[in-house]
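Comments concern the structure below.
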Amino acid sequence: MIKAEDLLFNTVQKALSELYSISTNTVTFQKTRKEFEGDLTLVTFPYIKEAKKSPEVLGQQIGEYLKKNNNDVLSFNVVKGFLNISLTNSFWLNYLNTIKNLSSIGFQKENSTKRTIMLEYSSPNTNKPLHLGHVRNNLLGYSVAQILKACGHKVIKTNIVNDRGIHICKSMLAWRKFGNGETPETAHMKGDHLVGKYYVEFDRAYKKEISDLVQSGKTKEEAEKQAPLILEAQKMLQQWEAGNEEVVNLWKIMNGWVYEGFDKTYKNMGVDFDKMYYESNTYLLGKEMVREGLVKGVFYKKENGSVAIDLTKDGLDEKVVLRSDGTSVYITQDLGTAIERFKEFPDLKQLIYTVGNEQDYHFKVLFLILDKLGYSWAKECYHLSYGMVELPEGKMKSREGTVVDADELIEEMYNTAKVTTEELGKVEGFANEELDELYKMVSMGALKYFILKVDPKKKMLFDPKESIDFNGHTGPFIQYTHARIKSVLRKAGTEYGNVTNSEIVPNPIERELIKWLYDFEAAVSEAGKSYSPAVVANYVYELTKLYNRFYHDHSILKEEIETIKNFRLQLSKTVAQVISNAMSLLGILVPEKM
RNA sequence: GGUCCCAUAGCUCAGCUGGAUAGAGCACAGGUUUUCUAAACCUGCGGCCCUUGGUUCGAAUCCAAGUGGGACUACCA
């Protein structure tokens, strides 16, 4: 692909060297601001001292040099220390010609970088359904995977399911005690919701036991530890670990229900995985690694028999990696699984964890320990950390009661999309299945875009009213633009000729559009470097807004001059393709009509 | 005590590696359709870019300190 910056870079470098004997390797250009004429701007302030010229003279001289020595430079103007450079029409038209029939505009070939990345996301517990926090996690993980693929990396999407532990036993116990054999079929409930119901049930009964014990004179702490239900749940966990047949069977059945429920939610969200991991298989990993670490002297044994590492020199605290009774803590298995994965996939270069920012510290510790154990890939591990989703009333944490259930949210969005479409009177000419498809596309487009347009590391406010909005800076706004272009293209038929360079002089807004198309590749690359779908989301919004203005101001099909009409059709088609590509990076589909 | 994140319009957010007069959407007030989909377009309103210093030709952006908000700092996961 031709890069305007590269073409200019050499010439500017030569200009600086020949005119002022300045040698530099860092010539950077920026987009010319729209108040000024030009495509790219060179800021000349940095060179005035060495060149011993005023900014105006310097700009003038470099500009003249560029015009003489670079065929792509059409003209230039100088404002103070800013040299605004206009490239020729044929440069931009050539660019449009090279991409207009490409479906993969902006994307690198998969695995062209020979860099295999494992990206972990979702990672739910099997004791309750997914909520809004998981939604952000899933959308973010999926989107970043898409972006990294588009940057030419090979990506393995994984999901490690937290399918064991005391919390799972709580649901199991409550079901056994209060469930009367209820199943998703008899209860007419999604499996994950049914299991979640018993998790809540456990909590209620447990709290009652605690308050009873407190009434009878125990302290709250004692009561929490001595309540019969929690003791029973702990016993159940031991039985599970010992392989007790009845407990393991119940565990399998109930987890099966949950997986069925999750599969539906994942399908609705449009996310998927290349490889599943289950903690029931991995929770014992890491012990061997602890032994090796002890030998290497990275870890030490404490008086009570537990194993720890001292990270105080790195500004962190001491961290226990093995309990005094020899059992693993959470980080033990995290260390173990990381090591295991690099053994399992010898090509692996990087491991990315999509986990909320409340675990920033945990991952800092994890990566540091891996580094100290001597794994060279530890420096490549990355915690894709994202901020909490807050509701207008308060925080989005399950224990605080104000949860937004993922399935309910998706359903609500769907209904709003349906109502809105009907109100706008846009249902004519659609078959029923098409309408269902459209409502799914629009509702999920709105939800995904709403969440992904925000920089991942920032906490975000989820206002249900606003997220459901389909106007303005939203997913449906972009989808609508795509649909409108497609409608025009359908009316134009399949034959709309070619763009012949010499005959066309794009008007300012057309030129601007081509420049935005040109920037797509850079936006994808930037999004990949910063692991931020928000870069793509904001890029495609700008492109769309610009196109809408063009669409409003200029007629395409009614344009009388054939060459211009064809050019506009080609331009529109390419814009639609880039919109579609950009949205696919966000996991959002775009409709042919809406 | 320590580590980390955040602070830009009434609200939700862009402004990346320092550059020209700080941008959108929502909300509010108004306008545009005999013409390719008005889920659109246009106009107006709205700012001590948290504070104070520093770095320099130039700071919302970088650095330091402070203020305010949040997360973490378990032999929980």
Query raised in the report: Any side-chain N or O of A:Lys486 less than 4.0 Å from the OP1 or OP2 oxygen of B:U37?
Result: no
Query raised in the report: Within the pair A:Arg323 and B:C76, is there a side-chain N or O less than 4.0 Å away from OP1 or OP2?
Result: yes
**Report entry** Below 4.0 Å: OP1/OP2 of B:C36 and any side-chain N or O of A:Ser487
**Finding:** no
Requested in this report: May I ask you to decide if the ring planes of A:Tyr353 and A:Phe363 are parallel, tilted or perpendicular, using 30° and 60° as cut-offs?
Outcome: tilted
Query raised in the report: From the list B:C13, B:G19, B:A40, which nucleotide is the closest neighbour of the side chain of A:Arg484?
Result: B:A40
Query raised in the report: Centre of A:Phe430's six-membered ring, under 6.0 Å away, within 45 degrees of the axis: is that where NZ or CZ of A:Lys593 sits?
Result: yes
Requested in this report: Have a look at A:Val454 and say if it touches a base, only the backbone sugar-phosphate, or nothing, with a 4.0 Å heavy-atom cut-off.
Outcome: sugar-phosphate
**Report entry** Contact list for RNA chain B against residues 421-428 of chain A - heavy-atom distance below 4.0 Å
**Finding:** A:Thr421, A:Leu424, A:Lys426
Query raised in the report: When you compare B:U43 with B:U61, how far apart are their P atoms, in angstrom units rounded to a whole number?
Result: 30 Å
Query raised in the report: How far does the P atom of B:C16 sit from the matching atom of B:C6, given to the nearest Å?
Result: 14 Å
Query raised in the report: Considering only the P atoms, how many Å lie between B:A38 and B:U32, rounded to the nearest integer?
Result: 16 Å
Query - For A:Tyr449, all residues meeting ring-ring contact (aromatic ring centres under 6.0 Å, His included), sequence neighbours excluded - result: A:His473
**Report entry** Nearest-angstrom distance, C1' atom, B:C62 to B:G2
**Finding:** 25 Å
Requested in this report: Mind checking ring-ring contact (aromatic ring centres under 6.0 Å, His included) for A:Tyr20 and listing every partner two or more places apart, or none if nothing turns up?
Outcome: none
Query raised in the report: Counting only non-hydrogen atoms, which of residues 546-556 of chain A are less than 4.0 Å from RNA chain B?
Result: A:Asn548, A:Arg549, A:Tyr551, A:His552, A:His554, A:Ser555, A:Ile556
Query raised in the report: Between A:Phe9 and A:Phe29, does the ring centre distance come in under 6.0 Å?
Result: no
Query raised in the report: Got a sec, which residues hit ring-ring contact (aromatic ring centres under 6.0 Å, His included) with A:Tyr382, two or more places apart in sequence or on another chain?
Result: A:Tyr531
Query raised in the report: Using a cut-off of less than 4.0 Å, is there contact between a side-chain N or O of A:Tyr480 and OP1 or OP2 of B:A39?
Result: yes
Query - salt bridge (charged side-chain N to carboxylate O under 4.0 Å, His left out) against A:Asp519, all qualifying residues, sequence neighbours excluded - result: A:Lys31
Query raised in the report: Which part of the nucleic acid, if any, lies within contact of A:Pro46, taking any heavy atom under 4.0 Å across all strands shown: a base, the sugar-phosphate backbone alone, or nothing?
Result: base
**Report entry** 5'-to-3' dot-bracket of RNA chain B (Watson-Crick, G-U; under 3.5 angstrom; crossing pairs as [ ]; | other strand)
**Finding:** (((((((..((((.....[...)))).(((((.......))))).....(((((..]....))))))))))))....
Query raised in the report: Looking across every strand, which nucleic acid part, if any, lies under 4.0 Å from A:Ala534 by heavy atom: base, sugar-phosphate, or nothing?
Result: nothing
Query raised in the report: Counting just side-chain N and O atoms, does A:Lys459 come under 4.0 Å of either OP1 or OP2 of B:G69?
Result: no
Query raised in the report: Distance between the P atoms of B:A14 and B:G25, in whole angstroms?
Result: 16 Å
Requested in this report: Taking salt bridge (charged side-chain N to carboxylate O under 4.0 Å, His left out) as the test, write out the residues that go with A:Lys418, two or more places apart.
Outcome: A:Glu422
**Report entry** OP1 or OP2 of B:C57 under 4.0 Å from side-chain N/O of A:Lys49
**Finding:** yes
Report task. Identify, with sequence neighbours excluded, every residue that meets ring-ring contact (aromatic ring centres under 6.0 Å, His included) alongside A:Phe470. Result -> none
**Report entry** Span that lies between the P atom of B:A59 and that of B:U12, in whole angstrom
**Finding:** 29 Å
Report task. Check the angle between the aromatic planes of A:Phe450 and A:Phe462 and answer parallel, tilted or perpendicular using the 30° and 60° thresholds. Result -> perpendicular
**Report entry** Closest to the A:Tyr330 side chain, choosing from B:A77, B:A7, B:A39
**Finding:** B:A77
Would you be so kind as to tabulate the donor-acceptor pairs closer than 3.5 Å made by side chains of residues 549-560 of chain A, with sequence neighbours excluded?
| from | atom 1 | to | atom 2 | distance (Å) |
| --- | --- | --- | --- | --- |
| A:Ser555 | OG | A:Lys558 | N | 3.3 |
| A:Glu559 | OE1 | A:Arg568 | NH1 | 3.2 |
| A:Glu559 | OE2 | A:Ile561 | N | 3.1 |

Query raised in the report: Reading nucleotides 20-27 of chain B from the 5' end, what letters show protein touch, with B for base, S for backbone sugar-phosphate only, - for no heavy atom under 4.0 Å?
Result: B--SSSS-
Query raised in the report: So, for A:Phe82 and A:Phe36, is the gap between ring centers shorter than 6.0 Å?
Result: no
Query raised in the report: Distance between the P atoms of B:G18 and B:C63, in whole angstroms?
Result: 10 Å
Report summary line: Applied to residues 298-337 of chain A, the ring-ring contact (aromatic ring centres under 6.0 Å, His included) test, sequence neighbours excluded, yields A:Tyr330-A:His362
